[in-house]
Amino acid sequence: MTGNSIVRTELRRKDLRFPFPPDFSERLAGRRVEALGRRAKYLLADLDSGDVLVMHLGMSGSFRVAGANSGDVRQGFHYPRSKIEAHDHVRFHLSDGQSIVYNDPRRFGFMDIVRRSDLHAHKLFANVGIEPLGNELDDEFLAGAFRGKKAPLKAVLLDQRIIAGLGNIYVCETLHRAGLSPRRAAGTLVRKEGRLSSRACKLAATIRSVLEDAIAAGGSTLRDHRLTDGSLGYFQHTFRVYDQEGEPCQAPGCTGTIRRIVQSGRSTFFCGSCQK
DNA sequence: CGCATCCCCTGCCTGC
DNA sequence: TGCAGGCAGGGGATGC
């Protein structure tokens, strides 16, 4: 997309999780994409109008690069007709003749357009937490975030207002690697003087290493996720707890069995024996 | 405010 | 084979 203009935007329905803004297609028409970026789990396309196209994939959203869906000739090159597939909801026709298609079976994703200057104050971003791979994440930050909290550790790590970007898989895997119980009240990891307890002192580093490993593995393909070349991620082959209910715990010396419980409506996988 | 529950939606898998 | 129920990577709305 970068460097191209959006010639036309085809909306195949009027909403995803939320309605598209009323002037969605018009505000994109003719705009050049200057850069692509990301904040938390939101994808950002900077436009030459000063607008930012904000996109969230939800659970099942994906983008693919395709030709035009009508067959198209631009600058002497004939782009083949590209089929519309089930759950194709948005198609951006680009100035180079290709198109970018957003597909999302469950429609938990959404898109919005925000003025660049308003982005940080926008309600999607105003309460968003720190980047887990940035410099702000350390034990001191975690101590401050956990202090006094009675919510389970699992829920606190999943809370995007604290750390933005950890999802269910990566929280489960992190807590197992760190030997911490997802059920423990987060505040119990903070000592009276406000420092993180010794049990939790590797947590920030563990979060980072789980994410780095997952990224190096191309992510986790449970069903929909693909790399940009269409290949599968393979971090799922290294899960120690996620979706491993009933399997023996692989922690050195541990004889426990991986369990599944439900916390705040979502599955948690953990070893009740070595995660304290 | 903090926390838990429910819900949005489609598709896939399991068990009967 | 068909059908009901449960579950899925996220997160907003609601209610206590």
Side-chain angles (χ1 to χ4, degrees), chain A residues 12-20 38-43 54-63 84-90 102-112 122-129 131-132 144-176 182-190 207 210-211 213-215 217-227 232-246 258-270:
Chain A
R12 306 200 57 249
R13 51 179 304 129
K14 59 185 186 336
D15 59 4
L16 293 170
R17 177 167 186 182
F18 306 116
F20 288 96
R38 177 193 64 78
R39 172 73 173 106
K41 295 179 184 176
Y42 298 91
L43 306 173
V54 178
M55 300 162 280
H56 195 296
L57 300 175
M59 297 270 259
S60 57
S62 65
F63 285 99
I84 292 173
E85 297 176 12
H87 311 298
D88 283 353
H89 303 310
V90 184
Y102 179 71
N103 182 285
D104 187 359
R106 294 179 72 180
R107 303 203 306 273
F108 285 175
F110 57 92
M111 297 188 190
D112 201 355
H122 191 273
K123 78 176 141 63
L124 292 175
F125 298 96
N127 297 312
V128 122
E131 289 288 333
F146 293 167
R147 192 173 193 170
K149 279 208 161 57
K150 291 181 180 156
L153 189 50
K154 163 81 184 305
V156 174
L157 291 180
L158 262 186
D159 187 339
Q160 303 297 299
R161 295 169 304 180
I162 301 170
I163 301 173
L166 297 182
N168 203 27
I169 290 175
Y170 302 115
V171 169
C172 291
E173 293 297 314
T174 294
L175 290 176
H176 182 261
R183 297 190 285 195
R184 172 199 273 265
T188 66
L189 290 171
V190 185
I207 290 169
V210 166
L211 292 181
D213 291 354
I215 290 166
S220 307
T221 300
L222 302 187
R223 181 183 311 276
D224 303 302
H225 170 68
R226 294 290 184 280
L227 281 84
L232 306 180
Y234 52 90
F235 192 68
Q236 69 278 8
H237 300 305
T238 71
F239 287 169
R240 300 189 195 173
V241 289
Y242 187 85
D243 204 22
Q244 304 300 308
E245 184 179 17
I258 306 310
R259 303 173 49 194
R260 174 186 175 273
I261 59 173
V262 174
Q263 292 180 292
S264 36
R266 310 192 58 194
S267 287
T268 296
F269 298 91
F270 74 111

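In what follows, chains are A, B, ... by sequence order, proteins preceding strands, each numbered from 1.
Among the heavy atoms of the strands lying under 4.0 Å from A/F18 are primed sugar atoms or P, OP1, OP2 only; no base atom is included. Residue A/F235 is out of contact with every strand shown, counting any heavy-atom pair closer than 4.0 Å. Backbone-only engagement by A/S267 is indicated by non-hydrogen atom pairs under 4.0 Å involving sugar-phosphate atoms exclusively. Residue contacts for A/R107: at a heavy-atom cut-off of 4.0 Å it reaches the sugar-phosphate backbone alone, with no base atom in range. At the heavy-atom level, A/D104 lies nowhere under 4.0 Å from the strands shown. Heavy atoms of A/H225 sit under 4.0 angstrom from at least one base atom.
Separating the CD atom of A/E85 from the P atom of B/dG11 is a distance of 13 Å, rounded to the nearest angstrom. One interatomic measurement links the two molecules: CD of A/Q160 to P of C/dG12, which rounds to 9 Å at whole-angstrom precision. Here C/dG10 presents its C1' atom at 17 Å from CG of A/N127, a figure rounded to the nearest Å. In this entry the distance linking CG of A/L57 with C1' of C/dG9 reads 10 Å, nearest Å. If you measure from atom CZ of A/R260 to atom C1' of C/dC7, you get 7 Å, rounded to the nearest angstrom. Between A/L222 atom CG and C/dC7 atom C1' there is a gap of 12 Å when expressed in whole angstrom units. We find that CD of A/Q236 is positioned 14 Å from P of C/dG9, with the value rounded to whole Å. Taking atom CG of residue A/L158 and atom P of nucleotide C/dG12, one finds them 13 Å apart after rounding to whole Å.
Paired regions of DNA chain B, where each region holds three or more successive Watson-Crick or G-U pairs whose two hydrogen-bonding distances fall under 3.5 Å, are B:2-8 with C:10-16, B:10-16 with C:2-8.
In terms of modelled atom types and a separation under 3.5 Å, the side chain of A/N168 and the main chain of A/S267 share a donor-acceptor contact. Under the 3.5 Å distance criterion, the side-chain polar atoms of A/Q244 are matched with a main-chain donor or acceptor of A/Y242. Checking side-chain atoms of A/H225 against main-chain N and O of A/G218 turns up a donor-acceptor pair under 3.5 Å. Of the possible donor and acceptor atoms, one in the side chain of A/N103 sits under 3.5 Å from a partner among the backbone N and O of A/A86. For the pair A/Q236 (side chain) and A/L222 (backbone), a donor-acceptor distance under 3.5 Å is absent. Within the 3.5 Å criterion, the main-chain N or O of A/S60 finds no donor-acceptor partner in the side chain of A/R106. Remark: side-chain polar atoms of A/E245 are not paired, donor with acceptor, to backbone N or O of A/F270 under 3.5 angstrom.
When the C1' atom is compared between C/dG12 and B/dG11, the two are found 23 Å apart, to the nearest whole Å. Taking the P atoms as reference points, C/dT14 lies 15 Å from B/dC9, given to the whole Å. One P atom belongs to B/dC3, the other to C/dG9, and the distance between them is 22 Å to the nearest Å.
Taking 4.0 angstrom as the limit, A/H56 places a side-chain polar atom (N or O) nearer than this to OP1 or OP2 of C/dG11. OP1 or OP2 of B/dG11 lies within a sub-4.0 Å distance of a side-chain N or O belonging to A/H87. The side chain of A/Y42 contributes no N or O atom lying less than 4.0 Å from OP1 or OP2 of C/dG10. Dashed line: the shortest gap from a side-chain N or O of A/R223 to OP1 or OP2 of B/dT10 is not under 4.0 Å. A/R266 has a side-chain polar atom (N or O) that falls below the 4.0 Å cut-off from OP1 or OP2 of C/dG9.
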Write out a two-atom table: protein N or O, nucleotide N or O from nucleotides 2-5 of chain B, distance below 3.5 Å.
{"residue": "B/dC3", "atom": "OP1", "partner": "A/K150", "partner atom": "N", "Å": "2.7"}
{"residue": "B/dC3", "atom": "OP1", "partner": "A/A151", "partner atom": "N", "Å": "2.9"}

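Using a 5.5 Å limit on the distance between ring centres and a 30° limit on the angle between planes, the aromatic ring of A/F108 does not count as stacked on the six-membered base ring of C/dG11.
One can find a donor-acceptor pair under 3.5 Å joining the base of B/dC9 and the side-chain atoms of A/R106.
By the neighbour-count criterion of 12 heavy atoms within 6.0 Å, atom CZ of A/R161 is sparsely surrounded, having that number or fewer from other residues, nucleotides or ligands.
Summarising the geometry of A/E173 relative to A/R240, their closest heavy-atom pair is OE1-N, 2.8 Å, with the distance given to 0.1 Å.
Side-chain proximity of A/P105 to the nucleotides C/dG9, B/dG11, B/dC8 is greatest for B/dG11.
Not counting sequence neighbours, the partners of A/F235 by the ring-ring contact (aromatic ring centres under 6.0 Å, His included) test are A/Y170, A/F239.
Ring geometry for A/Y102 against A/F63 counts as tilted: the plane angle lies between 30° and 60°, on a 0 to 90° scale.
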